[in-house]
Amino acid sequence: MKSSRNVMTFAGGIHPHGDGKSLSCYTPVQTAPLLDKYLVILAQNAGKAPVPVVKKGDTVKKYQLLAQADGVISANLHSPTSGVVSDIREIQGTMGVPTPAIEITSDGLDEGASPFDPITDWKNVDVEQLKQRVVEAGIVGMGGASFPTHVKLSPPEGKTVDTLILNGAECEPYLTADHRLMQEFPEKVIRGAAIFGRILNIKNIFVGVEINKLDAIAALEHYAEEYGVKVAYLRVRYPQGSEKQLINAITGRTVKSGTLPMDAGCVVQNVATCAALDDAVTLGIPLVERIVTVTGEVVVHPGNFKLKIGTPALEAVRFAGGITEEPGKLVFGGPMMGFAQRSFQVPVCKNTSGILLIPQKQAYNFESSGCIHCGRCVQGCPMHLVPCLLSTAIEAGRFDLAEANHVMDCMECGSCAYVCPDHRPLVQNVRRAKAELRKQMNANKEK
Amino acid sequence: MSDVVNDNIKLPTGEKLVLSSSPHLSSGSSLRKIMGGVLLALVPQIAASVWLFGIKALFIIVYTAVCCVAAEALWCKLADKDVWRNISDCSACVTGVLLAMCLPVTVPLYVPPLGAVLAIWLAKQVYGGIGNNPFNPALVARVGLLIALPAAMTLWTPSRGMKQMDYPEKQLFYTAENIQKISNKENVDGVSCATPLGAMKNIEKIPGRSEDAVNNFADLDSWEMIARYAIGDRAGCLGETCAPALILGFFILVALNLINWKVPVIFVGTVAFITGMVNIICPGISPNALFHVLNGGLLLGAIFMATDMVTSPITGRGCAVFACGCGILTSVIRLWGNYPEGVSFAILFMNALVPLIDRWCGKRPFGYVAKR
């Protein structure tokens, strides 16, 4: 076995105790039954929302194009099932603001042929053809940021990318979607990575997995050599799956402040994105479903489900057997960086890795009395900032001081707020400062 | 679509769902747990002080702690703050126990309430309560009391072993008059004696001793005496004498991740280095390093006072600078200052520098690029 045996990591970070992964990591992925209605939000990617190409009353087939990408930083959207476009209206989005969505009323058949030809000979075809497929299939980063993947595949002139890293760290507590994906569909992940490698002309491909997923590592290693991929063992540490920390752990390179991973010669892709790419290339089907962890202490049967894009959270919870008591909080994503939702009607998007129900007794806002300078946030910060002092400056309205102390480098992983014994809203203050500073920057530009 | 999913339990909607910015998890640590950990680490030394100075030691400790909590409650009441929330974090209790650790067992009963007011009101609440005080409250109270009531604060009584009649180095620590009283078995309330550091300052004034400092120090830092100091068998404050108990407390604090281990180690190390070097180069100025490490409030100060989270620097580098400064100042005050003991002054002085240290020993962000 060629893969490196030493366990890699980065400086800083935290280790959440009781990470809740055992709730859902032992049950195989289940495919959810067909629903009556799906709500497909248009703006599922970072950048511009795609433009609808269907109108109310149209009949659609499964995999049919619903919305066409608008510009470069945008992604196509396809129908998750066959039926009728019953409505196009504004609904509550995953970010809490109203956003347009296409409602598909299923005809119960769930039929449709793959719109693209499978490219079985991906090792030899023209790279442009593969790139085209990534654009067509509407693939976005499925780890959270939902950045259109094809943008990452075209490094600008003068930048050489020599390393591709697959992010299988899944450092977020409670989430096991990537874990089950790697364990049950390792070939998809590895082959997807090899296709990415082919597109970017990279031979140096790593898949980084935290060592709390040894079964997934074993599954991946079974295929790794065949496709020329190396499995990197990562220490169990949050936020190990953060792009910059992952690159640092595996290659030892440092992504300089204000630059992109590409500037350090690296491209990072989520494992789920790789599996989606493999589907698009070898099967010719676009991205219309994904594995979602539906979990939480109050869920009857926490587990992983293959959900169609547009499945409302309510139905996802129903697939998981319902609840044992009333939850206090609904979170899309993991507990460390996920977004709290106001409604159970919010549908699953391409970047929804988890639906987490938090019990009422854990779902309240803490009061804080004052920073005692314990320095735990400083030890925990993976970006080596001083969150407590930043937060104090921000609370005093000194955004300039926060900026001088590198507040813009914060990636908002929340390690500081997690460890704070006084439950200070550290990362929350940082978000406020970043928003404020961006506003000021834009105002200055207009002048 | 109904929102009843099973067993008629409805999913909450709208207002009933808590909306908040991530993270949605917490490590579960709290101020109360931190303060509880510090109290736990103080237990060995509390036990040692009872063993060395009698049950009255425990009374003084509890009494001082109660005074501090009462002072905190009173202030919060007057300042219209939430009384229970402020005293339930146990920080006033910790301040009280630490203040008691700096008092001699003979302390008059009016002193702890005065100290509590100094510590809680003057040193903590006027700055805005927990987390905002620049100086360690217990040390401010100790120094305030030392200046205001020097006699009451420096009336030392002999510890357990020193009371024995055949105590060989009597004349180092007792006045001739008191030795006479002890040997006559006069019925007195108690006798006072000197601390080893006090003896170090005044040794040449003892009648009948030679003027030769080197010889005098040799009596103070002989191996026999060091062994006595090591178990805490000497005069001193309640909490400063028993080195093994304090070191056990240090390990508890480190195990509970409540202090930066660098601070005590560098602090004590610096004092040991400086006094050791002075002892080797000019033996007439200082006894050996072990004498300095085991005597006075060095271990108590280094382990429990200098590591106070609120008043020490945040970064590891800052802590190292802070501890080093404490060590240098302590050595200088002990060897050349007027006071026999300098730990509290040194820590308070370095407390004042913490904001500066924090600024100069900041961290370099990951992927830092220098701005032109």
Side-chain angles (χ1 to χ4, degrees), chain A residues 14 16-17 96 173 244 254-258 300 314 317-318 321-331 335-344 358 363-366 369-375 378 382-386 388-389 405-406 409 414 417-419 421-423 425 427-428 431, chain B residues 1-7 9-35 82 85-86 89 91 128-132 257-258 260 308-316 318-319 354 358-359 362-369 371:
Chain A
I14 54 165
H17 55 88
K244 291 182 178 180
T254 304
V255 182
K256 295 263 186 298
S257 168
V300 177
L314 169 73
V317 174
R318 198 171 275 167
I323 48 176
T324 52
E325 60 175 285
E326 220 176 85
K329 217 189 243 183
L330 166 68
V331 176
M336 295 301 290
M337 288 188 82
F339 292 91
Q341 305 294 332
R342 195 184 270 285
S343 159
F344 274 86
I358 293 177
Y364 54 86
N365 290 314
F366 289 101
S369 18
C371 175
I372 58 161
H373 301 211
C374 63
V378 183
M383 297 306 291
H384 308 177
L385 305 174
V386 186
C388 52
L389 293 184
N405 286 290
H406 316 283
D409 281 339
Y418 173 86
V419 294
D422 195 38
H423 311 293
V427 70
Q428 294 88 335
R431 288 195 187 108
Chain B
M1 265 188 247
S2 142
D3 54 359
V4 181
V5 288
N6 65 313
D7 299 343
I9 303 174
K10 277 187 118 185
L11 285 169
T13 48
E15 297 303 308
K16 283 180 82 182
L17 276 177
V18 177
L19 273 185
S20 67
S21 189
S22 64
H24 309 287
L25 278 186
S26 160
S27 59
S29 70
S30 65
L31 296 190
R32 200 183 310 177
K33 280 185 188 163
I34 288 179
M35 297 301 167
D82 185 342
R85 223 183 105 196
N86 274 279
D89 63 22
S91 59
I130 186 161
N132 298 315
N257 189 23
L258 294 176
N260 188 334
D308 173 24
M309 289 170 171
V310 177
T311 55
S312 61
I314 291 169
T315 60
C319 280
V354 163
D358 269 340
R359 174 169 295 186
K363 293 189 87 178
R364 172 165 291 196
F366 182 81
Y368 174 78
V369 254
K371 286 230 168 73

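The structure displayed is predicted, hence computed values, not measured ones. Residue numbers start from 1 in every chain, and the chains themselves are labelled A, B, ... in the order their sequence lines are given, proteins ahead of strands.
Minimum interatomic distance between B:His24 and A:Lys329 (heavy atoms only, all atoms of both residues): ND1-NZ, 3.1 Å. The minimum heavy-atom distance between A:His406 and B:Tyr368, with the atom names listed, is CE1-CE1, 3.4 Å. Of all non-hydrogen atoms in B:Met309 and A:Cys374, the two that sit nearest each other are SD-CB, 3.4 Å. Of all the heavy atoms in A:Val427 and B:Pro23, the pair that sits closest is CG1-CD, 3.5 Å.
Most heavy-atom pairs under 4.5 Å with chain A: of the set B:Gly316, B:Pro313, B:Ser21, this distinction falls to B:Ser21. Interface summary for chain A: among B:Ser91, B:Gly367, B:Ser30, the most heavy-atom pairs under 4.5 angstrom belong to B:Gly367. Chain A forms the most heavy-atom pairs under 4.5 Å with one residue out of B:Thr315, B:Asn132, B:Asn257, B:Asp358, and that residue is B:Asn257. Per-residue heavy-atom pair counts under 4.5 Å with chain A were compared for B:Ser20, B:Pro365, B:Gly28, B:Gly128, and the maximum is reached by B:Pro365. Interface remark: of the candidates A:Leu385, A:Val331, A:Asn405, A:Ile358, A:Val331 forms the most heavy-atom pairs closer than 4.5 Å to chain B. Between chain A and the options B:Gly129, B:Ser27, B:Cys319, the largest number of non-hydrogen pairs under 4.5 Å is found for B:Ser27. When each of A:Gly258, A:Gly96, A:Gly338 is scored by its heavy-atom pairs under 4.5 Å with chain B, the top score falls to A:Gly338.
Both the backbone and the side chain of B:Leu31 come within less than 4.5 Å of a heavy atom of chain A. When heavy atoms are compared at a cutoff of 4.5 Å, A:Leu389 approaches chain B solely by way of its side chain, counted from C-beta outward. Heavy atoms of B:Asn86 lying under 4.5 Å from chain A are absent altogether. When heavy atoms are compared at a cutoff of 4.5 Å, B:Arg364 approaches chain A solely by way of its backbone atoms N, CA, C and O. In this structure, the portion of A:Pro173 lying under 4.5 Å from any heavy atom of chain B is its side chain and not its backbone.
The distance from atom OH of A:Tyr418 to atom OG of B:Ser29, rounded to the nearest 0.5 Å, is 9.0 Å.
A:Pro421 has its side chain out of reach of B:Met35: every pair of non-hydrogen atoms, C-beta onward, lies at least 4.5 Å apart.
Shown here is B:Arg85, whose CZ atom has more than 12 heavy atoms of other residues, nucleotides or ligands within 6.0 Å.
Annotation: side-chain contact (heavy atoms from CB on, under 4.5 Å) contacts of A:Cys388 (sequence neighbours excluded): A:Cys371, A:Cys377, A:Val378, A:Val386, A:Arg424, B:Ile314. In this structure, the ring-ring contact (aromatic ring centres under 6.0 Å, His included) partners of A:His423, at least two apart in sequence or on a different chain, are A:Phe366.
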**Asked** Hey, mind stepping through B:Leu17 and A:Phe344 against side-chain contact (heavy atoms from CB on, under 4.5 Å) and telling me if it holds?
**Response** CA-CA 10 Å; B:Leu17 276 177; A:Phe344 274 86; 3.9 Å; yes
